[in-house]
Each structure stands twice: as structure tokens, then as C-alpha cells.
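Side-chain atoms are counted along with the backbone in the values below, which use heavy atoms only and exclude waters and symmetry mates. Computed from a predicted model, the values in this text were never measured in an experiment. In what follows, chains carry the letters A, B, and so on, assigned in the order in which the sequence lines appear, proteins first and then strands, with residues in each chain numbered from 1.
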Amino acid sequence: MVELSAATKKDMFWNMLLARRLDERAWALHRQGRIAFHISGIGHEAAQVGSAYALQRGRDWVTPYYRDLALMLCLGYTPRDFVLSLMGKREETTSGGRQMPSHWSLRKANVVSHSAPVATQTPHAAGIGLAIKLKKEDKVVLTTIGEGATSQGEWYEAVNWAAIHKLPVVFLVQNNKYAISVTPDKQMAVKSVADKACGLGLDGRAVDGTNVFAVYEVMHEVVENARRGGGPSLIEAVLYRITPHSSDDDDRSYRSREEVEEHKKQDPLLIARAILEQEGLLTSKEVEEMESRAKEIINEAVSYAEAADYPSVEEGAYPVYVEEARRG
Amino acid sequence: MVELSAATKKDMFWNMLLARRLDERAWALHRQGRIAFHISGIGHEAAQVGSAYALQRGRDWVTPYYRDLALMLCLGYTPRDFVLSLMGKREETTSGGRQMPSHWSLRKANVVSHSAPVATQTPHAAGIGLAIKLKKEDKVVLTTIGEGATSQGEWYEAVNWAAIHKLPVVFLVQNNKYAISVTPDKQMAVKSVADKACGLGLDGRAVDGTNVFAVYEVMHEVVENARRGGGPSLIEAVLYRITPHSSDDDDRSYRSREEVEEHKKQDPLLIARAILEQEGLLTSKEVEEMESRAKEIINEAVSYAEAADYPSVEEGAYPVYVEEARRG
Amino acid sequence: MAEITLVEAIRQAMDEELARDENVFIVGEDVGVRGGVFRATVGLYEKYGPARVIDSPLAELSIVGVGIGAALYGMRPVCEIQFADFIYPAMNQIVNEAAKMCYRSNGEWTVPIVIRAPYGGGIGGGLYHSQSLEAFFTHVPGLKVVIPSNPYDAKGLLKAAVRDPNPVLFFEPKKGYRLIRGDVPDGEYTTPIGPAKVSRPGRDLSIFAYGMMHYYALQAAEKLASEGIEAEVVDLRTLYPVDRKTILESVKRTGKALVVHEDNLTGGYGAEIAATIADEGFTDLDAPVRRLAGPDVPGVPFSHPFQDWFMVDAEKIVEAARKLAAY
Amino acid sequence: MAEITLVEAIRQAMDEELARDENVFIVGEDVGVRGGVFRATVGLYEKYGPARVIDSPLAELSIVGVGIGAALYGMRPVCEIQFADFIYPAMNQIVNEAAKMCYRSNGEWTVPIVIRAPYGGGIGGGLYHSQSLEAFFTHVPGLKVVIPSNPYDAKGLLKAAVRDPNPVLFFEPKKGYRLIRGDVPDGEYTTPIGPAKVSRPGRDLSIFAYGMMHYYALQAAEKLASEGIEAEVVDLRTLYPVDRKTILESVKRTGKALVVHEDNLTGGYGAEIAATIADEGFTDLDAPVRRLAGPDVPGVPFSHPFQDWFMVDAEKIVEAARKLAAY
Ligand SMILES: Cc1ncc(C[n+]2csc(CCOP(=O)(O)OP(=O)(O)O)c2C)c(N)n1
Ligand SMILES: Cc1ncc(C[n+]2csc(CCOP(=O)(O)OP(=O)(O)O)c2C)c(N)n1
Ligand SMILES: [Mg+2]
Ligand SMILES: [Mg+2]
């Protein structure tokens, strides 16, 4: 594998930290009644940032899912974009306020718009992979998903396509142990999501999804393998959903506080920090600086978004067809 | 395994022979313009008869697919029923002439009505298995399908259910090497359909689908295992589709005559006969008797069906709802 | 008699049916310990156990497909689709299997299944948590499609649906889950699937509605009455097969018809009602048959001004009715 | 100019578009060496190779879902669904994804995909090889739905569909594949998606039809003319978004409307046409708006007397038109 530079490693940590603080702010805004909905990626940062850095960002393609805030920040999505989205403002970048928050789209970074019905993004990744292969290009597609959503036939059909045609697609499953309230033993009879690969004829591996560098290492390998024409891989990042499913959820009905507290010890942010500190790459002072930088950026984003306009209703009628698109 | 009696073995051979001759007659009727459509099970007899005999027939449940003529004959469907169906006559037993031929239904033998869209019968099998488990009964469900149709997400979701809940379902895949014109390498990246099982967490095995006794042995084992609460299995019966896909197909566009001729040497009927003759259980004379009995039965079926009435059109309006069913 | 919410009426219906018939079971995502994301099954897992209230894998096709299998065996599954928007993966099983089973087997096999799904907008759910899907299913012979507008009907219709030998799609106006309250008697009752109901008589025009829109239609009628316009409100309740008789009789009385739904206009459910009136009620008509519906965009957009723009409400009904009355 | 069959026109359209634009590719079951079960892609695999004419796994969801992905990347996939009856597994991808992509991304992403599917009965296909599915999709903003009735339009419309930046559903009347013949010019042309066409002018009533039913409607008009009834026949061609103007102008001329489709009546496509006329064309109407359609059963039953009973044909159109003209 490519050895990561100190600067890159710090950058990865910074993105994790920024994502975490932004996510926490979203929860705060929700408690304050300033936004109506938030779905959180807390606990998923290592899996996402480790994956993002394995890509040729801006060149490779991504069909993501709703927890991918940290991934998106690595790809050029900004805190301001996010808060605009939380508030449904006109300037909102993914949809002009049409979609719920965390339904990403970022054309300039080849991040495809996705919807709420889980797994629908997976066939898109296979199709993009097919197009890349037909055009004989050396790009890769990353698609992400939760472990629960791998129960959908849609996911199976998409992975099957990629395996048959040896498409340059990496299927990242963020196994956070819950699909809302449902645990993996009710989703699948295999011990690990990675085991699903053997029935589909592709490479499958599980990785510690709380360690950003471990994720990077595996993802870098399979991304480059795909780029070289080696075909798709299925990577399971094992982690834990630290927050309730979304701001609409009350997770006390289905899991104990103790269980959650126990898992907070495996916080990917703390783990990354510990590694960097141990390697002598990061000081407390630097972390403090990052913290205040994050706070500043996020404060600015919130003020900006709050002052921004809502869409005017006539715009809601468009663009149903491409001919009506203002920006296409 | 339970040792099969000589009588039973001969009976199995008889059902294979009857199915074969009936199937051949259907092709003849089609060539003569006396029927409009036929879809054939020639080459599939061993897989089906071996499976049928592994069931407690009339007690266990079956959600079949269109090639299962030999299976159906073992379960009490008659040649007369079949020819009535080929001709769309009023007395036709599966649907009163509403469905195309080979779309089975036989309530008295717990054979569920199925449709043409492939794989839709698989979730039904899982659901029946669930019901059996919920009611704590010791019945088993057999569901059959072609290898091509295992590409459907529907199939994956159904097998997944059965594996999670350890349902008493046996998934039999009749891998005849073609889905109309498409070969298995374009359907899946695994070498064998049986390999799909490992990704779903259930037992998977391939068996020589041209040898009725080999099929019986494996099927008997997994059926009884399921009955004992041991959970589902996936069995791939490897065989070859000797005829075109259906009477509408022209298979010369996608496979050579040589290939087909080569596979005719693995004719399940000839193989069964050779085994029984070698075991000294069957004489040429007995086979001749069976042949003339089959001819007689089939001739009778054709005359009967041809003389039978078509449905009268007013009946076509019913029964859309159960309340309108005449026989429910 | 107690005043309860719409969602509580639905919960009670399932509770009572689970108690009544051991063949009844619930299956869906998060219906178990979580009690459903809208809490429609709350307490049922604790009361009836994991064999009667089953947390499914996250896969709608199999929720319905497995339900159909169990129904074929004689069970009475009540399948929950978490949001109606997620029903599409199950379309094949609903339309090609459940709906056609009785007909295609000439009555040999039947599918007594209920598929419950919260539908509709106005709750900040954006394109994928706000859809109205009745138009996809009110075109499918073999299905019954029911949408209740109040707790009394919701309970009675859901209990009737569980006992119905046919597949029933039961769409629940999720915005009304806690908003709509009403009296429900203590004892056992069912409400027949089939008949529509004149929920408010009137002479100036007929308003045909269901679910959330019926709730608003009643509010609108109140307002209209204060202006001297007497609107007759008809709650369709069973959308398919539809009660054409009650519709046509109402038009005969009023001579004017306004069909209201929140789903987008073109090809929506209202088209069939309007078309029926334009044919069989033609000679009774004193005005064009009007439809008031959501705009023809792919869904309810998220941002709240957008959402308000999309949603039909009492005010918009008043306006449309006023114009029609003046025709 | 040469007289060719409907299916040959479709084949030519794909051939020419494959030649014109290297982003175009064909994907579906048996479209490769087999040339499609209806031979609509015959010769294309040999001519363009396995990278441009792709035999998919037997899985419709992924045919469309993978097609959408490729389209997002800038390709122009032409997806074949072997029979329209098998499109349901792909509903989620068509309705929730393809249709909503442009709107939900505010135009950032678009899905230029064509989904071809043979539809309709009269070919002995029973419940599952005879379905008409337009009503499911003519309710979905973001989609275009096209049904040609003759070789000229089929070729021109399919070429236009391939070039259209939006998702287009292209339903082909399979009974007409070899039955319907017509002249097609040698050179390049496209037929615009959108406008309906008055294919036969008349003054006594308007018949609105498409696909196979339009073919029969023309035959019926011929017969009616011999009885002194001048029927105007309108070929809708693009069902969604529909050309309301041409429809309403025709009703203005004739005062009477008969909407014909082979799909079952209730909630069928004709409801929207009838509803539009009952509203915007109300004052032009001299008679009830009539619909002639298949009976409300779950599908076309197999046995040939059943099939004849189900199918709308020229004779049944004549009869309905005669009654309406006499109203
Ligand atoms: C097709 C569909 N069904 C149901 C839902 C409702 N839903 C949203 S997220 C979710 C759980 C997803 O779990 P998982 O895939 O493990 O991802 P996670 O949220 O845990 O990251 C469910 C059931 C949905 N969005 N789409
Ligand atoms: C959902 C669906 N798509 C397409 C078809 C058309 N079709 C009928 S049989 C068949 C091939 C089936 O192949 P396989 O599953 O291998 O079974 P076999 O016919 O070889 O026994 C196809 C494509 C169908 N019936 N259903
Ligand atoms: Mg999860
Ligand atoms: Mg096969």
C-alpha cells in the first residue's frame, strides 16, 4: 500500500472531527427546534473518511447513502451546504430544497443524487461501473450502504452484475449493528456481511470500521485492484451506530443505555486521535486548533443558512423534465 | 437414507417415462397445429421425480415452476389434466382455462398455483415454511426454479428469509444450462448455483440431475433434515435442456446441434433404465408394457380433451374475488 | 365509548384481531420491540411474542411475498410497509401474485392478506416519505383498496380487512395518525369494506374525498356553509372496488362534482371518479367535473414552503368548491 | 420508401441509433445472439458486438437499475423488458429513481434511458404475456410514455426516445409486430414525442386510441363510414405527458368522445382522458364521455374464447361508436 504522509493523516483526522462536530450541531439545532430532521453519521466517520481517501477524489464516482456526511465532506461538500440542506433553503446544493437533508448529490465530485428507498443506489453503481468499463476508463465507483439494506433483492442483483462483468465497483457496507431497531441476526443468516460475497463470486472482507487507517488500507487495495480491472469487492466496515437512527427515533425502546455507552469507548474519532498522538503526528494543541476552526466554520454555516432565503413556491413545479432545468 | 423398494424404483421410472411420452406428444400436437403452446420438461425428469419421491406426497407442500410436468405427475396431476390445459378447455384443472399450460395448481396435493414471472413462487415457499413453523407442524415445502431465475432479487430475499428463520424449505434449482438463450456465466459469477448458498447461510449442494436415484438420495436427506427442524437447503440439480425453451423458441440461433446431440447421451430416462436393468429390476418386456400403457393413457387423454368443451365466455369474468368463486 | 387517535384505533384493531384468531400475525420492519416507527404496533410484541409479531429483514418484496405464502397456507398476515413510498419492490408480488391468485386458479387458491402502509404528505418527509400510491392499486382487479379517514372507520375497516378473504391494501393517512381523533365504541364491531359514506349531506355540490383530504373536506364544508354553500361530502373509504352508486346518487342530488385527492393530478385516482360521473352521471351534471389534486411533480418537495404549495388543504378545497358552486 | 413491419421499424431504429451514437447500447434478456424473443434486436449483436448489445441476467430490476447508472454516466441505454408483464420488479427503479432524478437533484442529474417493452394481448399469452401497463406509468411525472401504432411512428418515435434526455417508456403492441405494416422512408427522421395525431378526420364523434387499439379504431372508422358515421380518430402516441390540446380540439369539433384501450377499464389510462374532457371540454359535449376497454379481470385469460371475450377489437369499437353517435 501507499504510505500516507503525516499531512494526509492529519487531514483525515480533521475531516472526521469536522464531520463529528457538524453532526453534533445538527442534533443541537434539532433540539432547539431550528431544524425538523437529522440523520446522523456519528460512529461512521472512520469508515467513510478511510474510504474517501482511497479514491481519486473528483475523478472516481460515488453512489452514497444517507449516513455519509464525513465522506461527503472529504469530497468537497461543505458544512454550509449541509446546514442549508437541514433548513431546506433555496441555495441548498443537492436539490434546491426538494430533498430531505443527507440525501446527497454533488455533480462536480461525481457523487450521484440518491433517494430514501434503501439499496436503490447500488444498481446505479453497477451501471456506472459498466459504463466505465465500456468506455475503457480507469475510474472506480464506490457505493455505500447499511448492513440492513443488503437484505434487499436490489442489492443482490447489483452486486451480481458487478461480479459477472468484473466491474470496477467497490461495495462498502457500513455495518453499524442496527437497521433502525433490527439487529443483523434478523437480516441475514451469515455471521458477517462479508460472507455474502462468496455466494456472489467476488472478493469479500470485513475490516474494523472504527479505525480510519485500517479502513484506508483495505479500501486502497480494493479500489486500486478494481481500477486495474481486477473486478469488484465487497467490504464490510464493522462499527456501531452511536446515535438513534434519526431525530425521529427513540432508541431506548430497543437497546440499553449500557450497550451504547460501551460502544462509545470504540469512538472512531478517539481511536484516530490516539493513533496519531502515538505516532507523534498530532498534539493536543493542534487538536484544540482544529476544534476551534471547526466551531468557526460551523457557526458561520449556521448563520449563513439561517439568513438564507427559502425557495419561492413557483420553483417547486420544476424541473420535472430536463427541458425545464435551470442549471442542467 | 431409506432404501427404495424395487416397486418404488420402477414406479419412479414409470413416472419419468410417462412424463417423457406425454411431453413428446405435446410437441407433436403443436407441430400438428392442435395446440398453440408447449413448454417442455424433457431432460428434467430425473431431478423432478427424484425430488417428488423424497416428499411425503399429498402432505408436504410444493411451489413449482413451469418445467415440472414429471413432478406434477408424481403428485397426482394426470395426463388428461395436462392435455385439457394444453387445449384450454373448460374442465382444465389448474385454472379453468385461464392460465397458459404448465402453470400448475393442485390444491389436493398442496401444489400452489404459480404464475409466469420467474421466481415469484420462491417467497411463497418461504411463507408456507414460516406458517408450518409457526404452527409447529412437521411438513416441508419444496420449491423449484431454473438457474437463470436465481438472478432475481426475489429469489435471494426468499432464500434469505428461510435461512434466517431456519424454515423447512428445500430450494431445488434445475440448472439446465440455459435461460432461453443465456448461459449461466452471464447469470452468475459463481461456478455452481450451489455456491450461492454460502452467501446466504444455508446448506448448498450440487447433484447429478440426470440420475433419478442420486437426486432422490440427496433430496431425501435434506427434506428429512428440514422436517426435523434442521433448516433449509439449496440443491442444484445439474442437467440439460434437451428441447428448445418452448414451442415459440428456435434454439438453433444460439446453440449447435452437436451440443444438443452430445447431451442427449445423458438422457435421464436412459440412465434410469440402465440402472434398473443393471440391478435386475427391469426387463425390456416391462418397459414395452409401460410404453404401451403410456401410449394408451395419453391417447385417451388427447381424445378426451379434444372432445371436451371450451369455457363459455361469461365465466371469464370470475372469480376476481373469493366471493365470486364457484368452487372455493 | 372513548375518544382515541387514528393510530390508536389501528393499533386496537390489530390487537383485537391477534387475540381473536391465532392465524393472524404481524410482519414488517421494526414492528417488534420498536412497536413500529409510527408506534402502530406498540405493545403487541410484548403481548403476543416474536412468533406473532415478526421483525422482517429490510426487504419489502419478501414482506409481502412471504406474507402471501403464509396466507396460502391459511394464515392471516398483516404486513406493514413502513412508508407507502417503499412499496414498489413488492409490486410484483402484489399485482402479479396476490391480486391474480384467486382468478388464475379459478378460486382454488386465495390470499387473505392485509398490507398496511402509511401514506401522504404534510409531515416534512420530502419526496420519499410523503407519497400517495392508491392510483397504482385501484386499477388492479383482485385487490381491495381501503383508506380510512377517522378512528371509527379505521378500526372497523381494518378488522374487516383482516377477516376479508381477499388481499386488502390498507393505506393510512399518516399526517392524521395523531391529529385525527374520534369516538370508538368499546365493544367489537367491523365496518364493511365496499360502501362509501355521505358524511355530510348538502345540495349545492358534491365533494368526493378520502383519508386526510376527507378530513379537510369536512372542514371546508363547514366554512362553505358559513358562506351559504351547502356541500355534500362523500367519504369514499373503499377506493377499490368503488361504490359507484353512492357517488352517482350524490351527483344526482347536487349536479356538481369536485373530486379531491392529495396525489398528483394526472392519472390519479380522481380520474376514474370523474370519468364515471362524466359517463353515467352525465345527464345530472350542471357543471364541469372538477378535480383538485396535487401538482404534477414527482413528489412532495421537502422545504416547507414547497410542501405547503404541494399539499391540498381545507383552504384550497373551499376555493375550488366556491368556484364550482358559482358555475 | 419501403413497406416494413412494426417490429422491423423498431429494429431499424435501434440499428441506426447504435450506428449514430457510441453511447447507445442495448441491454436485456436474450437480446444478444438470440436477437430478442420477438427478434427486435436480430443482427445487432453480430453487427455491434457484445459490449453494445448485452445479454443481462434474468433480473428486470437490474436491467433498469444498471441502465440508470450507465445513463447517469452519460450513456444512452435502451433496455428491453421481454414482456411488459415482467416490468414490476423494476418499478422502484423506474418510479422512484429514473422519474424523480431530474427533479430531486434540481436538474443536476438526468437519466436518458429508454425502456422498451412489448405489451398487449390477443396472442394466446394468458395472464402474464398479455398485459397492458401504461396506466401505471402515465401517472408518474418525470417519465415519458410512448406507444406507437404504426411502423413510421414506431421508428421515428423510438429514435426520438433514444435522443430524449428524459426516461422514456416505450410500449410496443406485440400483436402488431408482424401484423401492422407500413411505409417508412429510407432516410433519417425522428417523430417528436408529445403531439397526438388526428389520423382520420371526422365530424360525428371522436375516437381516442393508441397502439393496437388505434389500428382497430381505423378499421372501425372505415366500417362506420360505410354506415354514414364519420368518426374522427386520434392516435395519442405520446400518452404522457399527454397532448390535451389535440384531444379537446377534436371534442370541440365532434361533441362526442369515445376513449378506447385494451387494458381493463377501472383506473385505466382512459379515465384521465375522459376526466380531462369532462372538465375542460364539458361545454362542448353532446353526450356522455364513453370508454371502451377490457373487462375488470386480472388479465387476459388464456383459452381462446376467453381471449376473444377480453380483447377489444374493431367490431366492438364499431358497436360502441354506433351507440354513441346515435346518442
Ligand atoms: C426500501 C426502504 N424500506 C424502508 C426504509 C426505512 N428505513 C430507512 S433507514 C432504515 C434502516 C436501514 O438500516 P441499515 O441499512 O442497516 O443502515 P443504517 O441506517 O443502519 O446505516 C429503514 C428501515 C427505507 N428507507 N427504504
Ligand atoms: C420476470 C420474468 N422475466 C422474464 C421472463 C421470460 N422468461 C421465461 S422463462 C425464461 C428463462 C428462464 O430460465 P431458467 O430460470 O434457467 O429456467 P429454464 O427455463 O431454463 O428451466 C425467461 C427469460 C419471465 N417469465 N419472467
Ligand atoms: Mg445498520
Ligand atoms: Mg435454465
Out of [options], which one racks up the most heavy-atom pairs below 4.5 Å with chain D?
options	value
Glu280(C), Lys100(C), Gln93(C)	Lys100(C)
Ile273(C), Leu127(C), Ile94(C), Asp279(C)	Asp279(C)
Ala274(C), Ala90(C), Ala271(C), Pro241(C)	Ala271(C)
Thr283(C), Asp263(C), Val259(C)	Asp263(C)
Pro89(C), Pro298(C), Ala99(C)	Pro298(C)
Gly268(C), Gly142(C), Cys102(C)	Gly268(C)

Under 3.5 Å donor-acceptor, His139(D) side chain and Thr266(C) backbone: yes
Separation of Phe136(D) CZ from Tyr88(C) OH (nearest 0.5 Å): 11.5 Å
Interatomic spacing from CG in Asn92(C) to CG in Leu61(D) - rounded to 0.5 Å: 10.0 Å
At a 4.5 Å cut-off on heavy atoms, which part of [X] comes close to chain D: side chain, backbone, both, or neither?
X	answer
Val289(C)	both
Phe302(C)	neither
Ile277(C)	neither
Tyr240(C)	side chain
Val95(C)	side chain

Heavy-atom closest pair, residues Val297(C) and Pro141(D): O-CG, 3.5 Å
Shortest non-hydrogen contact from Tyr103(D) toward Pro301(C): OH-CG, 3.2 Å
Per-residue contact mode, Tyr128(D) against chain C (heavy atom under 4.5 angstrom): side chain
Ala257(D) portion near chain C, given a 4.5 angstrom heavy-atom threshold: neither
Pairing residues for Arg322(D) by the side-chain hydrogen bond (donor to acceptor under 3.5 Å, both in side chains) criterion, not counting sequence neighbours: Glu227(D)
Among Gly270(D), Ala278(D), Gly299(D), Ala135(D), residue most engaged with chain C (heavy-atom pairs, under 4.5 Å): Ala278(D)
Aromatic ring pairing Phe282(D)/Tyr327(C), orientation class (parallel under 30°, perpendicular over 60°, tilted between): perpendicular
Short side-chain donor-acceptor distance under 3.5 Å, Asn96(D) and Gln131(C): yes
Lys316(D) NZ: over 12 foreign heavy atoms closer than 6.0 Å: yes
